[in-house]
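Data first, discussion second: the structure below is written as structure tokens.
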Amino acid sequence: MASDDLHSDWAAWLDAELAGAEAAALRAHRRERHRRLLLRVLAWTGAVALAAGLGFGLVYTAQHGPAPRPAVTASPTPGG
């Protein structure tokens with residue numbers, strides 16, 4: 001009977017260890033998934049902010065930039 005008790009204790013310990021390892025792996029997987037989602041959201045936010053900033057800059061420059069200079073025309077050569 002002592003052998004059965006030892007086997008039962010060992011099996012219970014192993015089950016507890018495996019359950020703990022499985023829970024830790026699940027927590028790590030969820031953390032990694034959360035981290036990837038956060039990075040994806042930050043990347044999209046940065047891309048949208050960059051596009052909006054460039055668009056605003058182009059519109060602002062078009063409306064408030066320097067006046068366009070007249071085109072330079074070639075003058076006729078003397079004696080031609």
Side-chain angles (χ1 to χ4, degrees):
M1 285 299 196
S3 167
D4 290 341
D5 289 341
L6 180 62
H7 178 70
S8 175
D9 289 346
W10 183 83
W13 172 82
L14 183 60
D15 286 344
E17 286 293 316
L18 291 175
E22 186 178 0
L26 185 59
R27 283 191 304 271
H29 175 70
R30 287 180 179 160
R31 266 195 312 268
E32 180 64 21
R33 190 172 62 188
H34 185 262
R35 187 186 68 83
R36 284 184 183 175
L37 176 65
L38 181 62
L39 287 176
R40 187 175 294 143
V41 167
L42 287 175
W44 274 104
T45 303
V48 168
L50 179 64
L54 289 174
F56 176 79
L58 286 173
V59 170
Y60 183 86
T61 302
Q63 292 176 353
H64 303 288
R69 293 183 285 178
V72 177
T73 58
S75 60
T77 57

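Quantities reported herein were computed from a predicted structural model and do not represent experimental measurements. Heavy-atom basis, side chains included; hydrogens, waters and symmetry copies ignored.
In this structure, W10 is a member of the same hydrophobic cluster as L18, with clusters built from ILVMFWY side-chain heavy atoms closer than 4.5 Å.
A distance of 10.5 Å separates CG in D15 from CD in E17, rounded to the nearest 0.5 Å. Atom CZ of R30 sits about 14.5 Å away from atom CG of L37, to the nearest 0.5 Å. With values rounded to the nearest 0.5 angstrom, R31 atom CZ is found 11.5 Å from H34 atom NE2.
Counted within 6.0 Å of CD on E22, heavy atoms from surrounding residues, nucleotides or ligands total 12 or fewer; the atom is thus considered open.
Q63 pairs by the side-chain hydrogen bond (donor to acceptor under 3.5 Å, both in side chains) definition with nothing, not counting sequence neighbours.
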